[in-house]
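Below: the structure, in structure tokens.
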Amino acid sequence: MRRLVDEAMRRIVSHIESLPEQPAQNVEGATEEARTLVEPLPERGEAYESLLAKLFDEYIPRSFNAAGPGYLAYIPGGGVFHAAVADLIADSVNRYVGVCAAAPLLAQLEANVVRWFCHIIGLPRGSGGVLTSGGSLANFTAIATARDHFLGGADALVRPRGDSRADARPGGRGRPSLQECTLYCSDQVHHAFQKAAHLAGFPYANIREIETDDRFRMRIDALEEQIGRDRADGWRPLLVAGSAGTTNTGAVDDLRELSRVAKANAMWFHIDGAYGAFFNLTSRGREALRGIDLADSIILDPHKTLFLPFGTGAVLVRDAQALRRAHSLHADYLPAMQTEDELVDFCEISPELSRDFRGLRVWLPVKTFGIGVFREQLDEKLDLIEFITDAIRSIDGIEIVAEPQLTICAFRFRNDDSLTRRLLERINARKRVMLTGAIVRGQFVIRICIVSHRTHRDRVQMAIDDIRAAVGELAGEPA
């Protein structure tokens, strides 16, 4: 066992030490190469050292360097090493925490992590939640909870629209069917919301995408107008989803106003804070995220802005009992479930019965460093996005399309899609940083997203230099 770990650690340490020198991305031809790796089920084993060599020398390098300091693409995941140690411990002891009775102390440790998150967001006593594999499952869990809260059990899923047992109009008797309900989000929301709503049984046609303002925030007037039209047509507005940092531009909706609209219309108020919610640890983040504590449910991804490994998400709900009502289903082969508020059976508040021990990969780094270190890192990222935005604003031909609201900036070159795409290619070809593009209101933009705990001023200066150099190259070429 020591030999296995020591050999792996030798490779891991070398890999992490070399992250700053590794290319920000190295995937040219990798897709074609991957097709050659299709292999049959092995009958006999292979030497462990040769397997490590394949992984670290051939397979791992042919990828996006998402853990490196130059990865400013999408929304990075940092991969704090202490979380990897926690996963080694959790996987090695292999304790089951889905049912509290199986490992009460470890289950409570994970419950403590959820309570820390509730505290960070500012949710009241009685709130709760569960760690998930990411924002997609967190969105699904939240929407299923809202569905059950308003519509009840499975019967609501199958009643056709207009069934006499339900009246969707204001003041109507009985509960509406799922097909009679509408959900609202901005036209900038992450697609995981629509996907989760569809998987929860809501037809795509029932999801209203509301237009956004010049800062890419959901227009409150347009939302209220759409709700009014839907009510007049006999629909039952059920849920409104706000964004605490969109993927394209980092936009933060007016969360306080969305809460007001939700309350006025007896709707569930959900927030997608997968990227942005943990900025609530900082004073500037709290200012940008005012109203985040008013959510009925919120998703957040520790694998983004707590720098943890991919596969670490969370959903929080203002009323923890709503989670239990939506997900609790006992079986005679399981032990008795917990009823006290202090103890939690995660299988009773989430879709999963079998699950890994996720809490340790959050608990160990936070307990080791203290939350203050994470706050300092997030404050640094807020400084860095201001620094790079001010720097590239002065470059001839660059237009800032989305000013940073958290740590994402979007820009174009000479207001031309083709030139902007070519500029992105030139920047990324240097492989010191990796940026990504997005389509925003029909136009192609380049995104800068600064999140990683390994990204500091020196790498951001490299990004500025590479953008300037790429602009200069394009300026010298014929149109």
Side-chain angles (χ1 to χ4, degrees), residues 1-28 30 48-92 133-134 278 301-313 356-358 360-378 380-381 384 407 428 430-436 449-463 466:
M1 289 163 58
R2 288 193 180 95
R3 182 182 68 83
L4 293 174
V5 174
D6 288 347
E7 284 295 312
M9 275 306 305
R10 182 174 63 83
R11 295 275 190 171
I12 291 168
V13 169
S14 176
H15 171 77
I16 291 178
E17 285 182 337
S18 68
L19 282 173
E21 288 73 46
Q22 292 179 27
Q25 54 86 16
N26 182 31
V27 294
E28 291 83 356
Y48 176 66
E49 290 79 3
S50 69
L51 295 174
L52 289 180
K54 286 182 179 179
L55 280 171
F56 283 92
D57 298 341
E58 300 177 36
Y59 303 161
I60 292 172
R62 305 288 278 131
S63 57
F64 295 165
N65 185 8
Y71 191 78
L72 312 180
Y74 301 107
I75 298 178
V80 168
F81 182 69
H82 292 66
V85 176
D87 277 353
L88 173 62
I89 296 170
D91 292 348
S92 298
S133 59
F278 282 112
D301 277 352
H303 65 214
K304 292 185 173 76
T305 34
L306 281 191
F307 326 118
L308 299 183
F310 291 120
T312 316
D356 55 337
F357 178 23
R358 298 178 184 128
L360 197 62
R361 76 173 68 125
V362 183
W363 183 87
L364 187 61
V366 173
K367 289 286 284 187
T368 299
F369 294 113
I371 200 63
V373 171
F374 294 88
R375 179 181 295 108
E376 291 167 5
Q377 284 285 328
L378 291 174
E380 181 196 26
K381 310 317 164 197
L384 291 175
T407 61
N428 287 344
R430 288 165 168 78
K431 296 193 174 183
R432 299 200 298 177
V433 299
M434 180 180 176
L435 309 183
T436 42
C449 180
I450 302 179
V451 168
S452 174
H453 65 291
R454 295 188 176 99
T455 301
H456 304 295
R457 177 116 174 194
D458 59 340
R459 187 64 57 152
V460 172
Q461 184 61 57
M462 288 183 195
D466 288 354

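These values consider heavy atoms only, across backbone and side chains, with no hydrogens, waters or symmetry-generated copies.
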With heavy-atom distances below 4.5 Å as the criterion, would you say the side chains of [X] and [Y] are in contact?
{"X": "R457", "Y": "M462", "answer": "no"}
{"X": "N26", "Y": "N65", "answer": "no"}
{"X": "M434", "Y": "L72", "answer": "no"}
{"X": "P365", "Y": "F81", "answer": "no"}
{"X": "P69", "Y": "S452", "answer": "no"}

Picking from R10, K54, R3, R11, what satisfies salt bridge (Lys or Arg N to Asp or Glu O under 4.0 Å) with E49? R3
Backbone N or O of I450 within a donor-acceptor pair of the T407 side chain at under 3.5 Å? yes
Determine yes or no for a side-chain-to-main-chain donor-acceptor pair under 3.5 angstrom, with D466 supplying the side chain and R432 the backbone. no
Count the heavy atoms belonging to other residues, nucleotides or ligands that lie under 6.0 Å from OH of Y74, then report whether that count exceeds 12. no
Can you tell whether the side chains of K431 and E28 come within less than 4.0 Å, N to carboxylate O? yes
Distance in Å, [X] [atom1] paired with [Y] [atom2], rounded so as to fall on 0.5 Å steps:
{"X": "H456", "Y": "R454", "atom1": "NE2", "atom2": "CZ", "result": "9.0 Å"}
{"X": "S92", "Y": "M1", "atom1": "OG", "atom2": "CE", "result": "6.5 Å"}
{"X": "I75", "Y": "D301", "atom1": "CD1", "atom2": "CG", "result": "8.5 Å"}

Residues at least two apart in sequence or cross-chain that pass ring pair (Phe, Tyr, Trp, His ring centres under 6.0 Å) with F310, listed by chain then number, are H303
So, using ring pair (Phe, Tyr, Trp, His ring centres under 6.0 Å) as the criterion, who are the partners of F278 when residues are at least two apart? F117
Shortest non-hydrogen contact from [X] toward [Y]:
{"X": "G78", "Y": "A67", "result": "O-CB, 3.7 Å"}
{"X": "P61", "Y": "L55", "result": "CD-O, 3.9 Å"}
{"X": "P76", "Y": "Y71", "result": "CG-O, 3.2 Å"}
{"X": "L306", "Y": "V80", "result": "O-CG2, 4.3 Å"}
{"X": "A73", "Y": "L435", "result": "CB-C, 4.1 Å"}
{"X": "F307", "Y": "L378", "result": "CZ-CD2, 3.9 Å"}

Report the C-alpha separation of F56 and I12 in whole Å, then their side-chain angles, then the decisive distance to 0.1 Å, and conclude whether the side-chain contact (heavy atoms from CB on, under 4.5 Å) test is met. CA-CA 8 Å; F56 283 92; I12 291 168; 3.8 Å; yes
Would you check if there is a donor-acceptor pair between the side chains of T312 and R361 at a distance under 3.5 Å? yes
Aromatic contact, F369 with H82 (centres under 6.0 Å): yes
Test side-chain contact (heavy atoms from CB on, under 4.5 Å) applied to E7 and L52, step by step: CA-CA 8 Å; E7 284 295 312; L52 289 180; 3.8 Å; yes
Run the side-chain contact (heavy atoms from CB on, under 4.5 Å) check on L308 and V362 step by step: do they pass? CA-CA 7 Å; L308 299 183; V362 183; 3.6 Å; yes
Could you walk me through whether H15 and Q22 satisfy the side-chain contact (heavy atoms from CB on, under 4.5 Å) test, starting with their C-alpha distance in whole Å, then the side-chain angles of each, then the deciding distance to 0.1 Å, before giving a yes or no? CA-CA 9 Å; H15 171 77; Q22 292 179 27; 3.3 Å; yes
